[in-house]
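For clarity, every value in this text was computed on a predicted model and none was experimentally measured. Below, each value reflects all heavy atoms present in this structure, side chains not excepted, and no hydrogens, waters or symmetry copies.
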Amino acid sequence: MTNKWNFRTPTTEELHKRDELVEALGLSPVICLLLVQRGITSVEEVKKFFKPNLNDLHDPFLMPDMDKAVKRLNKALGNKEKVLVYGDYDVDGTTAVSLVYKYLRPYSSSLDYYIPDRYDEGYGISYKGIDYAAENDVKLIISLDCGIKAIEKIEYAKQKGIDFIICDHHMPDDTLPDAVAVLDAKRTDSTYPYEHLSGCGVGFKFMQAFAQSNGFPFSELEKLLDLTAVSIASDIVPITGENRILAYYGLKQLNTNPSLGLKGIIDICGLAGKEITISDIVFKIGPRINASGRMMNGKEAVELLLAKDSEIAREKSENINQYNDERRELDKKITDEANAIIDRFSNMEDRKAIIVYNQGWHKGVIGIVASRLTEKYYRPAVVLTKSSELITGSARSVTGFDIYKAIESCRDLLENFGGHTYAAGLSLREENLEAFTQRFLELAGEEIIAEQMTPQIDVDAILDLKDITPKLVNELKRMNPFGPDNHKPIFTTLEVKDYGTSKLVGKELEHIKLELIDGSSKTPMHAIAFGMHPHSEHIKTMKPFDICYTIEENTYNGNTSIQLMIKDIKTEDN
């Protein structure tokens, strides 16, 4: 599928502010423009952006119900009540449970944690989990990354004499559960200054408030920021504002002094000795933690993250790595089967969304399969399977289509649903499948325009190769951590040519290792283009072509050099 390149033309005002920053700070003009286009326009804002400060975290008591949550937790610990820390089985949920459990462990001898089984109990708070709490004389449940819609279950717990503190970051309904406290910055009555926290981030703010109320030093909580960074990266929340501060210091912790459990994962996925980035969490660390809940039970991921012994951490990491290998095989098999179903669609070109169903598919990987279908066909995708008596599914979207709202508009046909703008989950009865499919496809057909079904690459700036200097690379590094709403800048250089030394590499010669020049520079610039072998014939002709790329540092045998990571190539033929 051909990508459309979107070039952003700076406004006169943006250029003026860029020039002011260049003069005041001595930074490269392109860096100053990137900052301005991200809304960072003053010298003070640039300094805060480049060097986030933990002192700039918001007062946790600004979040609705935080005072109630802290008061109830203090009472529980003071009275030595049994407390259960309850979380979802994905990365955000398991890191949140680990953070809160780790932090509270020194203050309670009656602390336990609970991760629901994806297959037996499903997403979020379950009746089985509440029954477990009641059988073990638990008086307070702290739910993390779930619970915002669990109205009936919270009522069930109250009847059993169990209080709930809900820490969630998903979209709430108009009516909130009748819990002691509902901590969610997305509440309609919330005036909390930042609404994009991860589930683990909300748990962190709760512990921050608890620490403040008791005069405990922040330094103990700071040690747990590696978990928060893993949740922020894996849950794909914006890395802006408070999340940027938490991710910045969490990455520092992850790189200098990670917990034994996270170190076990770092070692097993080949990141030891390397500087770990948000991208490494997204593609290497997060999937392994997730694999535990997908293939077995998320409880093992928590056991790993809580490990106090390096041998246990190594053993659990190996288990989780094995689950991840199994997950990959299953994911490929189901993706191939889903593609085979789509190949049989008679009107694929006219379809604005994809819904596929197979009652035998593994529930643990359908979210990944939905992501793969969205990437391949550039349409919203809903992948459904059978779980117990219900059909359950995961949905992923494309830019500009709010899949959560689309699913919400079908709520009369659903048993349960939840999620975000670009990712959601749902369950329904089999007799409602046809009606749901029809309504969802009609809605997508009305709302999605052709442009949304074309992959887009937003280009931040056009550079000559001579502009790519060590100074520019160092300034780009200061913009880390990159992620949603602070994406890694994408550049374009026009009319580059092969230096004459480019070659195909990889097991199947599917990648191109490039050495490029342009009119501004005769010194070749190294680049790598993964999976772009079809362009090799044109490149060999020495005719010019355009590239769009990110700028990376490549370390090999102890030597570090600049390398362009090619995202797309445009020749006169395309």
Side-chain angles (χ1 to χ4, degrees), residues 35 38 40 44-60 62-63 91-92 94-104 144-145 167 169 185 192-212 216-263 265-266 271 274-282 284-286 289 305 474 476-488:
L35 292 168
R38 283 159 169 73
I40 303 153
E44 188 58 34
E45 286 171 338
V46 173
K47 287 178 179 175
K48 283 195 171 188
F49 183 76
F50 278 168
K51 189 67 195 295
N53 193 321
L54 287 166
N55 291 329
D56 291 330
L57 291 175
H58 302 304
D59 178 357
L62 293 174
M63 196 176 288
V91 181
D92 197 12
T94 52
T95 52
V97 166
S98 301
L99 183 145
V100 171
Y101 185 87
K102 263 188 175 185
Y103 189 71
L104 292 180
L144 295 146
D145 191 35
C167 304
H169 71 130
Y192 189 73
Y194 191 75
E195 68 171 7
H196 301 298
L197 293 166
S198 64
C200 185
V202 178
F204 177 89
K205 297 305 293 187
F206 182 22
M207 293 302 97
Q208 184 189 0
F210 168 73
Q212 280 180 211
F216 298 148
F218 183 79
S219 55
E220 288 303 305
L221 191 53
E222 193 177 343
K223 292 174 185 173
L224 303 176
L225 280 173
D226 51 358
L227 291 165
T228 316
V230 169
S231 85
I232 287 168
S234 301
D235 222 53
I236 323 291
V237 291
I239 302 189
T240 57
E242 200 161 36
N243 278 345
R244 180 172 174 79
I245 300 171
L246 296 170
Y248 180 90
Y249 284 94
L251 280 171
K252 268 192 169 184
Q253 184 77 18
L254 202 58
N255 278 292
T256 57
N257 190 26
S259 67
L260 283 175
L262 285 172
K263 187 172 186 317
I265 304 175
I266 289 166
L271 290 172
K274 298 179 181 177
E275 184 170 354
I276 297 164
T277 65
I278 292 291
S279 181
D280 291 323
I281 298 172
V282 171
K284 294 184 177 179
I285 296 173
I289 297 173
L305 295 173
N474 285 331
L476 275 172
K477 282 164 75 174
R478 295 178 73 186
M479 294 181 68
N480 269 305
F482 293 118
D485 292 359
N486 182 44
H487 62 273
K488 182 172 283 190

Under 4.5 Å between any side-chain heavy atoms of [X] and [Y], yes or no?
X      : Y      : value
Val91  : Asp145 : no
Leu476 : Lys488 : no
Ile239 : Pro484 : yes
Thr95  : Thr228 : no
Leu57  : Phe218 : yes
Phe204 : Leu246 : yes
Leu305 : Val230 : no

Subject >> Heavy-atom neighbours of Lys102 NZ exceed 12 at 6.0 Å >> reply: yes
Minimum heavy-atom distance [X]-[Y], with the two atoms named:
X      : Y      : value
Asp226 : Pro258 : OD2-CA, 3.6 Å
Ile232 : Ser198 : CG1-OG, 4.0 Å
Lys51  : Tyr248 : CD-OH, 3.5 Å
Tyr194 : Thr240 : OH-OG1, 2.8 Å
Asn486 : Pro481 : ND2-O, 3.1 Å
Arg38  : His487 : NH2-O, 2.5 Å

Whether the side chain of [X] engages the backbone of [Y] through a donor-acceptor N/O pair (distance < 3.5 Å, no angle test) should be reported.
X      : Y      : value
Asn53  : Asn55  : yes
Ser234 : Ser231 : no
Glu242 : Leu197 : no
Arg244 : Asn480 : yes
Asn255 : Leu251 : yes
Lys205 : His58  : yes

With rounding to the nearest 0.5 Å, note down the distance linking [atom1] in [X] to [atom2] in [Y].
X      : Y      : atom1 : atom2 : result
Tyr249 : Leu225 : OH    : CG    : 10.0 Å
Lys48  : Ile40  : NZ    : CD1   : 12.5 Å
Met207 : Glu220 : CE    : CD    : 14.0 Å
Asp235 : Ile281 : CG    : CD1   : 12.5 Å
Leu227 : Gln253 : CG    : CD    : 9.0 Å

Original post:
So Asp280 and Ile266, side chain to side chain contact (heavy atoms under 4.5 Å, CB included) or not? Walk me through it.
Top reply: CA-CA 10 Å; Asp280 291 323; Ile266 289 166; over 6 Å; no
**OP:** Tell me, with the steps shown, if Asp59 and Gln212 meet side chain to side chain contact (heavy atoms under 4.5 Å, CB included).
**Re:** CA-CA 10 Å; Asp59 178 357; Gln212 280 180 211; 4.0 Å; yes
Subject >> Check against side chain to side chain contact (heavy atoms under 4.5 Å, CB included), Leu144 and Leu99 >> reply: CA-CA 10 Å; Leu144 295 146; Leu99 183 145; over 6 Å; no
**OP:** Indicate whether any N or O donor in one side chain lies under 3.5 Å from an N or O acceptor in the other, for Asp92 and His169.
**Re:** yes
Original post:
Are Phe216 and Phe210 close enough that their ring centers fall under 6.0 Å?
Top reply: yes
